[in-house]
Amino acid sequence: MKVCIAEKPSVAREIAQVLGATRKMDGYFEGNGYQVTWTFGHFCQLREPEDYRPEWKRWSIHDLPMVPENFGIKLMRRDDGVVRQFTVIKNLLANAEEVINCGDAGQEGEVIQRWVLLEAKYRKPTKRLWISSLTEEAIRQGFQNLRDGAEFDKLYQAGKSRAVGDWLLGLNATRLFTLKYAPGQRQVLSIGRVQTPTLALLVDRYHEIQNFKPEPYWVLRTEYRGTMFSHVAPPKKGMTEDDEPDEKARLKARGYFVTQEEADAAMAAVKDVPLTVTNVEIKKALETPPSLFDLTSLQVQCNNQLGLSAEDTLKTVQALYEKKVVSYPRVDTTFLPDDQYPKIPGILRGLGAYNSLTAPLLAGKIKKSGKVFNNNKVTDHHAIIPTGASASGLGGTEHSVYDIIVRRFLAAFYPDCEVSNTTVTAEAAGRTFRVRGRQILNPGWRVVYGDPEKQQAPSAPKAAGEGTMTW
């Protein structure tokens, strides 16, 4: 029998169905020459300090740093369910003619599966299923192109090194800071490779907000032929407003006034003087489609558009992945590999609910842009895209997140948006005024998001104390 080990029961079920392993056994599926079993995500972990030395169970600053000579692993939980399932896997491995690692195609997935094999004392060569979606087509193609497990040894070593680094930093630093700064308080000061720098960013931002001192300023504007012109300061040669030493200087560089007296004087100087247009500049430009989604950019978009937290977005897109309607979500790239290009028409044809948007793309040759396809910028997985599988049963948040992913995917293959940017400069009493406008000449990819004229970037909020003077 060929033994396939998936990362979770739902994935094992999908793989078993494609392989024809339809008989449900205790802890695995069997049939057609395959046995498909599963873990429950992280099945094993690095051993605890006391597993290396009994004296390390007691927290003592004199035992730090704790550095085992060799790092070992153990089952993460010793409950009956985990032990029973691990026993099933171990027994299947003992009689396997071939083992296929069907874990998630990434660093973490590689570590999860390798540790299970290591704990089960399986040392024979393995094959690797490397797929980015759970559609029937993707699974079939993956099994037709199984790779040698040894190809991913470096990926495993990288994941193991990260886990060991987390152990060394997290356990030693947590004990050090707790013993040094919270002795006797029964409060653990948790330190971690990711959580501590992230917390520092939040704390720094909090202090910036707490220490923010609003600077009042005034803006001089005038309306001419239904268009609002704003006063601007003459540019300083070789300098931008960001080069100014403080906030007041930056405000002045924008043409704002930082005192009521200066604003009143400027108002009085131009009040009875005609405004003369001195220059009209029109520049045509192209706006390229936004990049495809990685997980972080999708979380940002879903927060802005739907108010979802990062965790809720991850849970939702993970559910969409398990329903086979989007590709693997835990990715850090916004590109697709070249071998995805031939699959794009098929994916588009599968997006039946978006026929009005896919029809123009399918009517001609799909463009292959270097901003979408780049083998050098794809590592474990490619960007998050729809698979083309039917998504008719989605509702609520899942439908909304799916729609965001689909529209970003469609936009990537539409033409650039052609715009005309106009800058009109005027003068009154030696003071410069300016207005900028933008006109869409050809909407291109913006049609994917509805009326292009309504797709304006959100305006920046006014700072505290801002005043507006009209002329």
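Start at 1 with the first residue, then count along the sequence.
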Rounded distance (nearest 0.5 Å) linking atom [atom1] of [X] with atom [atom2] of [Y]:
{"X": "E14", "Y": "C102", "atom1": "CD", "atom2": "SG", "answer": "13.0 Å"}
{"X": "R128", "Y": "E110", "atom1": "CZ", "atom2": "CD", "answer": "4.5 Å"}
{"X": "F373", "Y": "K367", "atom1": "CZ", "atom2": "NZ", "answer": "10.5 Å"}

Can you tell me if [atom1] on [X] sees more than 12 non-hydrogen neighbours from other groups inside 6.0 Å?
{"X": "Q17", "atom1": "CD", "answer": "no"}
{"X": "K368", "atom1": "NZ", "answer": "yes"}
{"X": "E311", "atom1": "CD", "answer": "no"}
{"X": "R330", "atom1": "CZ", "answer": "no"}
{"X": "K124", "atom1": "NZ", "answer": "no"}
{"X": "R123", "atom1": "CZ", "answer": "yes"}
{"X": "K377", "atom1": "NZ", "answer": "no"}
{"X": "K160", "atom1": "NZ", "answer": "no"}

Check: W38 ring centroid to F43 ring centroid under 6.0 Å: no
Describe, in one word, how the ring planes of [X] and [Y] are oriented to each other, choosing from parallel (under 30°), tilted (30 to 60°) and perpendicular (over 60°).
{"X": "F177", "Y": "Y181", "value": "tilted"}
{"X": "W130", "Y": "H381", "value": "parallel"}
{"X": "Y328", "Y": "Y321", "value": "perpendicular"}

Measure across [X] and [Y] and return the closest heavy-atom pair with its distance rounded to 0.1 Å.
{"X": "H382", "Y": "V331", "value": "O-CG1, 3.3 Å"}
{"X": "L298", "Y": "V317", "value": "CD2-CG2, 3.9 Å"}
{"X": "A411", "Y": "W445", "value": "O-CB, 3.6 Å"}

State plainly whether the residues [X] and [Y] are in salt-bridge range, i.e. N to O under 4.0 Å.
{"X": "R250", "Y": "E215", "answer": "no"}
{"X": "R140", "Y": "E137", "answer": "no"}
{"X": "R162", "Y": "E108", "answer": "yes"}

Does [X] reach the main-chain N or O of [Y] with its side chain, forming a donor-acceptor pair under 3.5 Å?
{"X": "T387", "Y": "S327", "answer": "no"}
{"X": "D294", "Y": "T334", "answer": "no"}
{"X": "R47", "Y": "I73", "answer": "yes"}
{"X": "E418", "Y": "N442", "answer": "no"}
{"X": "D51", "Y": "E48", "answer": "yes"}
{"X": "Y28", "Y": "V3", "answer": "no"}
{"X": "Y414", "Y": "L357", "answer": "yes"}
{"X": "T87", "Y": "V83", "answer": "yes"}
{"X": "E7", "Y": "G41", "answer": "no"}
{"X": "N375", "Y": "D338", "answer": "yes"}

Matching residue for Y402 among T316, T397, L394 - test: side-chain contact (heavy atoms from CB on, under 4.5 Å): L394
Quiz item: cation-pi between K24 and F29, 6.0 Å / 45°: yes
Trace of the side chain to side chain donor-acceptor pair (under 3.5 Å) decision for D403 with S400: CA-CA 5 Å; D403 182 72; S400 299; over 6 Å; no
